[in-house]
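Report on one structure; see the data block that follows.
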Amino acid sequence: MDFLVLFLFYLAFLLIAVVMICIFTKNQRLKDLILGGAQVCSCIIPQCLQRVAQRILHQLFHTRNPTFIVLHLLLQGLVYAEYTLEIFGYCQELGLHLPHLLLPYLLLGVNLVFFTLTCSSNPGTINKTNESLLLQVYEFDGVMFPENLRCSTCDLRKPARSKHCRVCDWCVHRFDHHCVWVNNCIGAWNIRYFLVYLSTLTASAATIATLSAAFLLRLVAMSDLYQETYIDDLGHFQSVDTVFLIQYLFLAFPRIVFLLGFVLVLSLLLASYLCFALYLAATNQTTNEWCRGDSAWCHHCPLVAWSPSAEPHIYQNIYSHGFWSNLQEIFLPTIPCYEKKKT
């Protein structure tokens with residue numbers, strides 16, 4: 001059972017790392033390096049296995065399916081089961097405050113509520129009914145979002161800041177990205193739920209990491225291990241150092257140490273992505289616009305050769321209207337106005 005738990009933990013870490021690389025990789029050389037590695041692997045792996053892997057990857061990342069939702073809930077359940085069965089009881093015996101120990105459960109409850117809202121809510125799907133209304137929400141900048149464009153798939157006029165999601169097969173108002181962990185697009189009408197979900201997920205991982213570390217440190221302090229000595233391989237007495245303490249704790253509490261390592265790395269990854277998401281919210285940008293911004297900038301970069309006849313356009317974010325106005329736009333979107341017009 002322990003091996004299964006550890007395998008799932010590090011499988012999830014690998015998947016999270018891949019997703020983070022896909023989000024933040026804007027460096028073309030790094031992308032070329034990844035593609036080059038994939039080509040090298042294609043020369044070694046048989047064609048039949050390649051086709052199977054391609055089908056699996058297509059099913060996971062290019063179609064709507066609940067695989068990552070199940071994996072998300074399974075890992076969250078395993079982390080909290082380990083916390084409840086191991087750390088919670090030990091921390092109570094060591095005298096840690098009960099409100100601190102109950103904080104992860106409070107964060108879990110809030111996180112599951114907003115996780116459900118993010119998964120099930122409408123991200124801002126564009127259809128014939130709301131097409132005309134959404135065309136008036138944002139002005140066209142003429143660079144990233146030209147006027148009078150139609151979606152070739154939906155055959156709808158494209159409002160500014162919208163995009164057609166190839167996974168969900170619909171156009172989304174103020175499209176941010178498609179998140180496989182919630183099996184839904186993130187758009188104008190559920191970005192607020194997603195930010196709260198991401199914040200509580202980061203806080204819960206950081207809280208469990210903090211409590212796990214506090215338990216191990218309290219255990220070391222109460223047992224006076226750092227004042228002890230041991231005999232090394234040469235028969236000499238040595239003072240207990242940090243490396244020895246880590247080895248001792250790993251042998252005494254392997255599952256807790258593995259859990260601490262997992263949630264610590266997960267906290268750093270989630271905190272990095274949360275800072276990035278909050279930066280986009282504060283500046284009224286979307287992930288889609290942030291990624292496409294470099295492409296618009298490259299058209300007038302002096303290091304890139306472009307046709308002299310091409311008209312130079314400089315992309316500027318015209319949608320930012322100050323910190324508080326940007327947050328208000330995200331957390332108080334124009335859904336009520338649409339509903340009133342609809343009725």
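L78 CG to L73 CG: the interatomic distance, rounded to the nearest 0.5 Å, is 11.0 Å. A distance of 10.5 Å separates SG of C291 from CD of Q285, quoted to the nearest 0.5 Å. L156 CG to C151 SG: the interatomic distance, rounded to the nearest 0.5 Å, is 6.5 Å. Distance CD1/I330 to OG/S325: 11.5 Å, rounded to 0.5 Å. We find the CG-CG distance between N317 and N326 to be 8.0 Å, quoted to the nearest 0.5 Å. Note that OG1 of T125 and CG of N130 are 8.0 Å apart. Values are rounded to the nearest 0.5 Å.
Considering all non-hydrogen atoms of both residues, N190 and C185 come closest at ND2-O, 2.9 Å. Taking all atoms of both residues into account, the shortest heavy-atom contact from T118 to N184 is O-ND2, 3.1 Å. Nearest heavy-atom pair across P159 and F140 is C-CE2, 4.0 Å. Closest non-hydrogen pair, E82 versus R255, comes out as OE1-NH2, 2.7 Å. F253 approaches L219 most closely through the heavy-atom pair CE1-CD2, 3.1 Å.
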Self-check item: Working for side-chain contact (heavy atoms from CB on, under 4.5 Å), residues F145 and R292
Solution: CA-CA 11 Å; F145 302 107; R292 292 176 61 188; 3.7 Å; yes
Exercise. Please report the C-alpha distance between H164 and D169 in whole Å, then the side-chain angles of each, then the deciding distance to 0.1 Å, and finally whether the side-chain contact (heavy atoms from CB on, under 4.5 Å) criterion is met.
Key: CA-CA 7 Å; H164 185 88; D169 195 27; 3.1 Å; yes
Practice problem: Start with the C-alpha gap between F331 and L195, add the side-chain angles, then the distance that decides, and say whether side-chain contact (heavy atoms from CB on, under 4.5 Å) holds. | Solution: CA-CA 10 Å; F331 289 96; L195 289 176; 4.1 Å; yes
Quiz item: When you look at S162 and I126, which way does the side-chain contact (heavy atoms from CB on, under 4.5 Å) test go after all the steps?
Solution: CA-CA 9 Å; S162 66; I126 303 172; 3.6 Å; yes
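Ring-plane geometry between Y193 and F114 is classed as tilted, the angle between the planes lying from 30 to 60 degrees on a 0 to 90 degree scale.
For R161, the salt bridge (Lys or Arg N to Asp or Glu O under 4.0 Å) partners are E289, E329, not counting sequence neighbours. N183 is linked by a side chain to side chain donor-acceptor pair (under 3.5 Å) to nothing, counting only residues two or more places apart in sequence or in another chain. Partners of D176 under the side chain to side chain donor-acceptor pair (under 3.5 Å) rule, at least two apart in sequence or in another chain, are T287. Scored by the ring-ring contact (aromatic ring centres under 6.0 Å, His included) test, F250 finds F258 as partners (sequence neighbours excluded). Take V167 and apply the side chain to side chain contact (heavy atoms under 4.5 Å, CB included) test, not counting sequence neighbours, and it matches R64, C165, H178. A search for ring-ring contact (aromatic ring centres under 6.0 Å, His included) contacts involving H173 returns Y138, not counting sequence neighbours. When the side chain to side chain donor-acceptor pair (under 3.5 Å) test is applied to S120, no partner is found at least two apart in sequence or on another chain. Looking at residues two or more places apart in sequence or on another chain, you find a side chain to side chain donor-acceptor pair (under 3.5 Å) between Y197 and H72.
Linking ILVMFWY residues whenever their side-chain heavy atoms come closer than 4.5 Å, directly or via other members, places F276 and L278 in the same cluster. Grouping the Ile, Leu, Val, Met, Phe, Trp and Tyr side chains by contacts below 4.5 angstrom, directly or via other members, places L217 apart from L260. With hydrophobic clusters built from ILVMFWY side chains whose heavy atoms lie under 4.5 angstrom apart, V70 does not share a cluster with L108. Cluster annotation: F262 is not connected to L264 through the hydrophobic network of ILVMFWY side chains, with a link wherever side-chain heavy atoms come within less than 4.5 Å. Under the 4.5 Å side-chain heavy-atom criterion for grouping Ile, Leu, Val, Met, Phe, Trp and Tyr, V113 is connected to L198 within one hydrophobic cluster.
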Residues 85-105, side-chain donor-acceptor partners within the protein, below 3.5 Å, at least two apart:
{"residue": "Y105", "atom": "OH", "partner": "T84", "partner atom": "OG1", "Å": "2.6"}

Can you give each donor-acceptor pair under 3.5 Å made by side-chain atoms of residues 203-214, sequence neighbours left out, with the distance rounded to 0.1 Å?
{"residue": "S204", "atom": "OG", "partner": "T200", "partner atom": "O", "Å": "3.1"}
{"residue": "S204", "atom": "OG", "partner": "L201", "partner atom": "O", "Å": "2.8"}
{"residue": "T207", "atom": "OG1", "partner": "A203", "partner atom": "O", "Å": "2.6"}
{"residue": "T210", "atom": "OG1", "partner": "A206", "partner atom": "O", "Å": "2.7"}
{"residue": "S212", "atom": "OG", "partner": "I208", "partner atom": "O", "Å": "2.7"}

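For the pair V137/L134, a side-chain contact is recorded, criterion being any heavy-atom separation below 4.5 Å from C-beta on.
Remark: the backbone N or O of T283 is not paired with any side-chain donor or acceptor of Y319 at under 3.5 angstrom.
Applying the salt bridge (charged side-chain N to carboxylate O under 4.0 Å, His left out) test to every pair with at least one member in residues 122-135, sequence neighbours left out, gives these pairs: E131-R157.
For the residue pair N288/T286, the side-chain donor-acceptor check at 3.5 Å is not satisfied.
Grouping Ile, Leu, Val, Met, Phe, Trp and Tyr residues whose side-chain heavy atoms lie under 4.5 Å apart, directly or via other members, places F175 in a hydrophobic cluster with W170, V172.
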